[in-house]
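Please read all numbers here as calculations on a predicted model, not as lab measurements. When reading the values below, keep in mind they use all heavy atoms of this one structure, side chains included, and skip hydrogens, waters and symmetry mates.
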Amino acid sequence: VARRLSLRKHPECHSMAGGKAIEHLAQSGNQERLTFPLPMQQYRNCDFSFSGLQNLVYNAIVQKEKEEGIQEGEILSCVKDVAAAVQHAVTVHIIQRTYRAMLFCIKNSILPSKNPTLVVSGGVASNQYIRKGLQNLADANDFALLCPPPRLCTDNGVMIAWNGIERLRAGLGVLHSTAGIRYEPR
């Protein structure tokens, strides 16, 4: 969404990553000026998907560009409102699906009966709006919420690579030869 909104061209966001730019602009935007239906409401499971939401947002951006008479790549006058509405929709989707997962774990006795904990990491955990929503969810359900400091909430690929480095150093579960291993990309 940040790329489609051309936020690298926005004077407040030119040096920010996309998610950080959305969060920054959303702080002074009005999330109620645009509303996006939440994804996957018909599915009663814990799966996440943002592709449907992405399509809705892209269509709304195209519509706003037409209304404002601007070309793709120019900054919308309502960019802060779009950012706020997107951030809110993403947050509500994450909260709803996480709540379903919490209920599933409780129902199936997967979590300890005392002091259950919700752990959130990765890039999504660096967003303070999402973090606050998940904190409210955790509090309402007597869960502790654990999040690394935002400076450690970077791209999941980096964290996976770091985990690989640590496992290699410790000699845990590391293959030293790939001979005889077959794999197929999906």
Side-chain angles (χ1 to χ4, degrees), residues 1-8 10 12-27 29 31 36-41 43 45-58 80 82-106 108 110-112 115-170 172-174 183 185-186:
V1 172
R3 190 175 309 121
R4 180 60 183 84
L5 288 170
S6 303
L7 295 187
R8 292 265 183 201
H10 194 284
E12 296 175 31
C13 304
H14 67 276
S15 63
M16 294 180 187
K20 185 67 179 169
I22 294 286
E23 180 180 13
H24 173 76
L25 293 175
Q27 289 174 347
Q31 71 190 31
F36 298 110
L38 296 175
M40 302 179 68
Q41 291 297 294
Y43 298 108
N45 57 32
C46 304
D47 296 345
F48 292 86
S49 176
F50 298 99
S51 61
L53 179 60
Q54 180 180 356
N55 288 334
L56 292 170
V57 172
Y58 281 18
K80 292 180 179 185
V82 173
V86 169
Q87 178 177 255
H88 181 71
V90 165
T91 301
V92 173
H93 182 54
I94 289 170
I95 289 169
Q96 285 183 349
R97 295 302 167 159
T98 303
Y99 181 56
R100 286 180 186 272
M102 291 164 69
L103 292 176
F104 176 85
C105 290
I106 291 167
N108 292 290
I110 295 172
L111 299 172
N115 305 319
T117 303
L118 173 62
V119 178
V120 181
S121 64
V124 72
S126 67
N127 182 295
Q128 295 303 306
Y129 187 84
I130 295 172
R131 220 184 248 228
K132 183 178 180 188
L134 289 170
Q135 183 67 65
N136 291 340
L137 174 66
D139 291 346
N141 292 281
D142 296 321
F143 272 62
L145 178 70
L146 273 177
C147 295
R151 66 183 176 79
L152 298 177
C153 295
T154 58
D155 184 271
N156 286 338
V158 173
M159 288 188 276
I160 292 166
W162 185 261
N163 180 269
I165 290 168
E166 294 297 324
R167 292 178 67 83
L168 180 63
R169 286 181 180 156
L172 298 172
V174 176
Y183 61 91
R186 293 195 292 162

Find the distance between NE2 (His24) and NZ (Lys80) and round it off to the nearest 0.5 Å. 6.5 Å

Distance in Å, Cys13 SG paired with Glu23 CD, rounded so as to fall on 0.5 Å steps: 11.0 Å

Of all the heavy-atom pairs spanning Phe48 and Ile94, show the shortest one and how long it is. CE2-CA, 3.5 Å

Would you compute the distance between atom CG of Asn127 and atom CD1 of Ile22 and round it to the nearest 0.5 angstrom? 10.0 Å

What is the minimum heavy-atom distance between Gly18 and Ala2, and which atoms define it? CA-CB, 3.4 Å

Examine distances only and state if a side-chain atom of Arg3 and a backbone atom of Arg8 form a donor-acceptor pair shorter than 3.5 Å. no

Using modelled atom types only, decide if a donor and an acceptor are shared between the side chain of Arg4 and the backbone of Val57 within a distance under 3.5 Å. no

Minimum side-chain heavy-atom gap Leu137-Phe143 below 4.5 Å: no

Within-4.5 Å side-chain heavy-atom neighbours: Val90 and Phe36: no

What heavy-atom pair brings Gly29 and Ala84 nearest, and what distance separates the two atoms? C-CB, 3.8 Å

Partners meeting salt bridge (Lys or Arg N to Asp or Glu O under 4.0 Å) with Arg169 (sequence neighbours left out): Glu166

Would one find more than 12 heavy atoms of other residues, nucleotides or ligands at under 6.0 Å from atom OH of Tyr43? no

Which value, rounded to the nearest 0.5 Å, describes the distance between Leu103 atom CG and Asn108 atom CG? 10.5 Å

Spell out, as yes or no, whether a donor-acceptor pair under 3.5 Å connects the side chain of His93 to the backbone of Ser49. yes

Which atom of Asp47 lies closest to which atom of Arg97, heavy atoms considered: O-CD, 3.1 Å

Dump the intermediate steps for side chain to side chain contact (heavy atoms under 4.5 Å, CB included) on Val120 and Leu146, then the final yes or no. CA-CA 6 Å; Val120 181; Leu146 273 177; over 6 Å; no

Here the gap from Ile110 atom CD1 to Phe104 atom CZ, rounded to the nearest 0.5 Å, amounts to 4.5 Å

Interatomic spacing from CG in Leu118 to CG in Leu145 - rounded to 0.5 Å: 5.0 Å

Please find the pair of heavy atoms, one from Ala21 and one from Leu7, that lie closest to each other, and give the distance. CB-CD1, 3.8 Å

Quick one: side chain to side chain donor-acceptor pair (under 3.5 Å) pairs with a partner in residues 129-138, sequence neighbours left out? Gln31-Tyr129, His88-Tyr129, Gln135-Asp139

Could you tell me which non-hydrogen atom of Cys46 sits nearest to which non-hydrogen atom of Arg100, and how far apart they are? SG-C, 3.7 Å

